[in-house]
Asks: 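Below is a structure I'd like to ask you about.
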Amino acid sequence: MPNHGAFRMKHLLTLTAVGLSLGLSLAVQLPALAAGPDLSPEQAGRIRAEKVPEAIALIPKDYKFVTPGKLTVAHTAARLPFGTFATDNETVIGSEPDLAQLVADSLGLELESVGVAWADWPLGIVSGKYDAVVSNVTVTEERKEKYDFSTYRRDDLGFWVANASDIKEITQPEHVAGKKIIVGSGTNQEQVLLRWIEENKAKGLPDTEVQYHDDDAVRELTLQSGRADAYLGPNVLAAFEAQLKGTTRLVGNIPGGWPLTAEIAVVTRKDSGLADAVTAAVNAQIKNGNYQKYLARWNNTAEAISESRTNPPGLPKKN
């Protein structure tokens, strides 16, 4: 079994190192950490829901759940807020299990969350090992050929700056001209940033310095010291870090598929018929307000959607 306790300790030490590097006392850092996410397996603050008859009625009569009476859902338990293991090293907790709980409750089922590696969920869905996957999966046209989708969140990227920064907004290419931007190497957001830079060059605007810092502590120190102007990354991750540490602020959201919009969705087996029931469950929770509470618990209301859709247009196939 992986040493999940060691993973959490490494995360704690990383955050502490950031505070010390910035000249802040450990005493200042600890209260923020103490007020951080609930890592208990009980998850007393998790938002729960009542059964939704109209969603239950959409479950195909011939659909066989992995375990009768349970909704078995796979999550990549690698990083908060999406998912990690609780203090018992067994229970999967995070924003994605919270969404799965709302769906399971709506369908009158018990939730069975399973932590998996990202590379393992596709085969698990196709083979019927899991009823669903809730793991920050973006809807694409290529994936729609193999799976069904029920959307529950926008796929957004966020520009984040140090609290003391005088930058007010970064939402379009010209806003990064002449600035130093941190981005992850080989990521979708890097490709967006590089396209912006090319657009700016064509307009004769100042160049942008691209910085790559894989270490979260180094990235934070670089922002706070002014050696970089902003960080571009998955908004949900950056928002969670901002809630935890309180040292950065959001100055702009752009769609993850820029210039195209993209959505994150619950994945179910292709043509199993379960997607419509899941979509109805999510829409019921949007209507009754539980959905908004679930997003607020993980500081991610910026990515809220107004309606869940089954198999909407996805990001196009790459040429």
Side-chain angles (χ1 to χ4, degrees), residues 11 14-15 18-19 22 24 29 32-33 35-37 79-82 94-96 98-99 136 138 152-184 187-197 208-213 215-264 291-306:
H11 181 62
T14 297
L15 292 176
V18 172
L22 293 174
L24 302 176
Q29 292 296 303
L33 293 171
R79 186 175 185 180
L80 285 175
F82 297 135
S95 63
E96 306 301 66
D98 274 15
L99 189 280
N136 197 47
T138 301
Y152 64 93
R153 185 161 48 80
R154 287 207 322 264
D155 185 2
D156 273 3
L157 302 177
F159 281 96
W160 291 78
V161 300
N163 285 339
S165 172
D166 59 2
I167 296 174
K168 303 300 183 184
E169 179 184 19
I170 302 179
T171 56
Q172 50 193 306
E174 53 264 37
H175 291 163
V176 302
K179 292 184 171 61
K180 294 172 285 189
I181 309 295
I182 301 171
V183 73
T187 61
N188 181 54
Q189 51 266 28
E190 179 195 27
Q191 296 305 310
V192 171
L193 181 61
L194 294 179
R195 291 200 298 272
W196 279 24
I197 292 171
T208 300
E209 179 183 315
V210 181
Q211 298 184 12
Y212 301 98
H213 302 301
D215 187 281
D216 290 346
V218 174
R219 185 191 72 214
E220 174 78 1
L221 178 59
T222 304
L223 269 183
Q224 298 300 328
S225 65
R227 294 198 293 270
D229 296 303
Y231 163 66
L232 172 61
N235 187 67
V236 63
L237 293 175
F240 177 76
E241 291 180 3
Q243 182 183 47
L244 190 66
K245 295 182 283 188
T247 57
T248 55
R249 58 183 173 83
L250 179 69
V251 293
N253 283 118
I254 60 174
W258 187 93
L260 303 174
T261 58
E263 289 186 82
I264 304 297
Y291 169 78
Q292 291 77 11
K293 293 176 183 177
Y294 134 77
L295 288 176
R297 187 181 187 218
W298 297 101
N299 195 30
N300 194 30
T301 55
E303 296 188 3
I305 59 174
S306 59

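Computation of the quantities below employed the complete heavy-atom set of this structure, encompassing side-chain atoms and omitting hydrogens, waters and symmetry-equivalent molecules. In this text, all values refer to a predicted model and were calculated from it rather than measured experimentally.
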Asks: Test side-chain contact (heavy atoms from CB on, under 4.5 Å) on Tyr152 and Glu96; report intermediate values, then the result.
Replies: CA-CA 10 Å; Tyr152 64 93; Glu96 306 301 66; 2.6 Å; yes

Asks: Show me the donor-acceptor pairs within less than 3.5 Å that the side chains of residues 226-236 make with the rest of the protein, sequence neighbours left out.
Replies:
unit_1	atom_1	unit_2	atom_2	d
Arg227	NH1	Ser225	OG	3.4
Asp229	OD2	Lys180	N	2.7
Asn235	OD1	Trp160	NE1	3.3
Asn235	OD1	Asn253	ND2	3.1

Asks: Checking Asn136 side chain against Ile264 main chain: does a donor-acceptor pair fall under 3.5 Å?
Replies: no

Asks: Do Gln211 and Thr222 pass the side-chain hydrogen bond (donor to acceptor under 3.5 Å, both in side chains) test, and can you show the C-alpha distance, the side-chain angles, and the key distance before you say yes or no?
Replies: CA-CA 10 Å; Gln211 298 184 12; Thr222 304; 5.0 Å; no

Asks: Please find the pair of heavy atoms, one from Gln189 and one from Leu157, that lie closest to each other, and give the distance.
Replies: CB-CD1, 3.6 Å

Asks: Report, as yes or no, whether the 6.0 Å neighbourhood of atom NZ on Lys179 holds more than 12 heavy atoms from other residues, nucleotides or ligands.
Replies: yes

Asks: With the side chain counted from C-beta on, respond yes when Thr247 and Glu241 share a heavy-atom pair under 4.5 Å apart, and no when they do not.
Replies: no

Asks: With distance as the sole test, does Asn299 use its side chain to make a donor-acceptor pair with the main-chain N or O of Ala239 at under 3.5 Å?
Replies: yes

Asks: Taking side chain as C-beta onward, heavy atoms only, is Leu295 less than 4.5 Å from Gln292?
Replies: no

Asks: Where is the tightest heavy-atom contact between Trp298 and Pro37, given as atom of each residue plus distance?
Replies: CZ3-CB, 4.2 Å

Asks: What is the minimum heavy-atom distance between Gln224 and Ala162, and which atoms define it?
Replies: OE1-CB, 3.6 Å

Asks: Would you name the heavy atoms of Thr171 and Ile254 that are closest together and state the gap between them?
Replies: O-CG2, 3.9 Å

Asks: What distance separates Ile181 CD1 from Ile197 CD1, expressed to the nearest 0.5 Å?
Replies: 8.5 Å

Asks: Could you report the tightest heavy-atom contact between Phe82 and Arg153, atom names first, then the distance?
Replies: CE2-NH2, 3.6 Å

Asks: Any heavy-atom pair between the side chains of Leu250 and Phe159 that's under 4.5 Å?
Replies: no

Asks: Under a 3.5 Å distance rule, please check whether Arg154 uses its side chain to pair with a backbone N or O of Ala302 as donor and acceptor.
Replies: yes

Asks: Could you give the distance from CD1 (Ile170) to CH2 (Trp196), rounded to the nearest 0.5 Å?
Replies: 8.0 Å

Asks: Can you measure from CH2 (Trp258) to CD (Gln172) and round to the nearest 0.5 angstrom?
Replies: 10.0 Å

Asks: Indicate yes or no: at least one non-hydrogen side-chain atom of Val161 is less than 4.5 angstrom from one of Arg249.
Replies: yes

Asks: Have a look at Pro81 and tell me which of Leu237, Asp98, Asn300 forms a side chain to side chain contact (heavy atoms under 4.5 Å, CB included) with it.
Replies: Leu237

Asks: Between Lys245 and Asp216, is there a side-chain N and carboxylate O pair less than 4.0 Å apart?
Replies: no

Asks: Might you point out which heavy atoms bring Ala262 and Gly257 nearest each other, and give the distance in Å?
Replies: CB-N, 4.3 Å

